[in-house]
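Accompanying notes for the structure given below.
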There are 2 protein chains.
Amino acid sequence: MSALKKHDVFQAVADPTRREILHLLSHQNLAISEITSHFSITRTAVVKHLTILSEANLISGKKNGREKIYHLHPEPLMEIKDWISYFEQFWDNKLSMLKFLVENEEDKKE
Amino acid sequence: MSALKKHDVFQAVADPTRREILHLLSHQNLAISEITSHFSITRTAVVKHLTILSEANLISGKKNGREKIYHLHPEPLMEIKDWISYFEQFWDNKLSMLKFLVENEEDKKE
DNA sequence: TTGACATGAAACCATTTGGTGTTATATTAT
DNA sequence: ATAATATAACACCAAATGGTTTCATGTCAA
C-alpha cells in the first residue's frame, strides 16, 4: 500500500510553510532546491516538510537526474473538506444564529 | 477584542481530540466535566484543548454557577473551507488529471 | 576528470505539545 | 456548617516539531 500514514492530512496542513508548498506545487512541479528558494529556511528544513506532506499522500517526488521533482496530489484534502462540510449547517442556518443570539441574551440576565 | 490568536484554526483542528470536542459541542453545549467524561484523558488535558480551541475562536465558555459551559462557534472553519476550495479544481477537473498524466509521460522520455 | 550542483543523511538543539499530578478556591446540596 | 462537586492554577515531564550545521554521495557540464 501507500506510505505509512504517520502524519494525517489535518496535521500536514496545519503548518503555514507546508500550506505554501502545496500552493507552489499547484502551479508547477518543482525540485527541492526550487521549493527551498521560495523560503528563508534551509533546504534540510524544507525536506522535512516535504516528507510530512508525502506521508500524508499530498505530494510525491520522483528522481529526475540529480533533481527530485515533487508534484501535488490534492485528493487527500477531500477528507478535510468532508469533515468541514458537517459543520456548514451551523453557519448556513439562520435559525442556528438566532438560537445563539437568544442564548446570549439569557446569559446577560443572570 | 477576542483572545490573542496564538493558535490558528488549522492548528486547532489538527488534533483528533479537538476535532471530537467540536463534534460533541455541535450537538449540545457542555460543561468541562461533561466533555472530559467522553475521553480517557484527564480534565486538565481537556482544559488545555479547550483553551486552544478558544484561542482559535472556535468555542467559547461561560460560567454558569460552578460549571463552565462551552459552546461551538464554527465560523472560523470557513477559513479552512476557503483554503481547500482552491484545490478542488485539481480533483474536480478532468483536464487537470489529463495534464498530470501527460506531464508524467514527458518525464519518462528525458 | 574535475568542479559545481542537488540531494541524502546524521547529529544536535530549543520550543511546543499533549499529557500528568497536586493543591486551592468557589458553588451547591444536605 | 459541611461534604461533594466543578473548576482554576501550578509545576512537571517525555516526545514531537521545526529548525540548524556538517559531511557524504550522486550527477552534470566543461
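Both backbone and side-chain heavy atoms feed into the values below; hydrogens, waters and symmetry mates do not. Letters A, B, ... mirror the listed sequences (proteins, then strands); counts begin at 1. None of these values were measured; they are calculated from a predicted model.
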Nearest-Å distance, CD1 (B:Ile69) to P (C:dT27)? 14 Å
In whole angstrom, what separates A:Glu20's CD from D:dG18's P? 15 Å
In residues 33-44 of chain B, which ones come under 4.0 Å of DNA chain D, going by heavy atoms? B:Ser33, B:Arg43, B:Thr44
With sequence neighbours excluded, what pairs up with A:Ser60 under the side chain to side chain contact (heavy atoms under 4.5 Å, CB included) test? A:His71, A:His73
With a cut-off of less than 4.0 Å, is there a side-chain N or O of B:Lys68 near OP1 or OP2 of D:dA6? no
Just the rounded figure in Å: distance from P of C:dG18 to CG of B:Leu53. 11 Å
Distance check: side-chain N/O of B:Gln11 vs OP1/OP2 of C:dT17, anything under 4.0 Å? yes
Quick one: side chain to side chain donor-acceptor pair (under 3.5 Å) partners of B:Ser26, sequence neighbours excluded? A:Tyr86
According to ring-ring contact (aromatic ring centres under 6.0 Å, His included), who are the partners of B:Tyr70, at least two apart in sequence or on a separate chain? none
Looking only at non-hydrogen atoms, find the nearest pair between B:Ala31 and B:Glu34 and report the distance. N-OE1, 2.7 Å
Tell me the interatomic distance from B:Lys62, atom NZ, to D:dA8, atom P, rounded to whole angstroms. 14 Å
Give me each pair satisfying side-chain hydrogen bond (donor to acceptor under 3.5 Å, both in side chains) with a member in residues 43-52 of chain A, each pair once, sequence neighbours excluded. A:Arg18-A:His49
Test of understanding: with salt bridge (charged side-chain N to carboxylate O under 4.0 Å, His left out), list the residues that count as partners of B:Arg66, not counting sequence neighbours. none
Taking only side-chain N and O atoms of A:His49, does any of them lie within less than 4.0 angstrom of OP1 or OP2 on D:dT17? no
Give me the distances for all protein-to-nucleotides 3-5 of chain D N/O pairs that come in under 3.5 Å?
residue, atom, partner, partner atom, Å
D:dT5, O4', B:Arg66, NH1, 3.4
D:dT5, O2, B:Arg66, NH1, 3.2

Find which nucleotide of DNA chain D each of A:Asp15 and B:Ala31 is nearest to by heavy atoms, and output the residue with the more 5' nucleotide. B:Ala31
How long is the line joining CD1 of A:Ile32 and C1' of C:dG8, in whole Å? 9 Å
Grab the two heavy atoms, one from A:Leu50 and one from A:Ile35, that are nearest each other, plus how far apart they are. CD2-CD1, 3.9 Å
5' precedence on DNA chain D between A:Lys63 and A:Arg18 (nearest-nucleotide basis): A:Arg18
All side chain to side chain contact (heavy atoms under 4.5 Å, CB included) counterparts of A:Gln28, not counting sequence neighbours: A:Leu30
Hey, which sits more toward the 5' end of DNA chain C by its nearest nucleotide, A:Glu67 or A:Lys48? A:Glu67
Excluding sequence neighbours, so at least two apart, what forms ring-ring contact (aromatic ring centres under 6.0 Å, His included) with A:Phe39? none
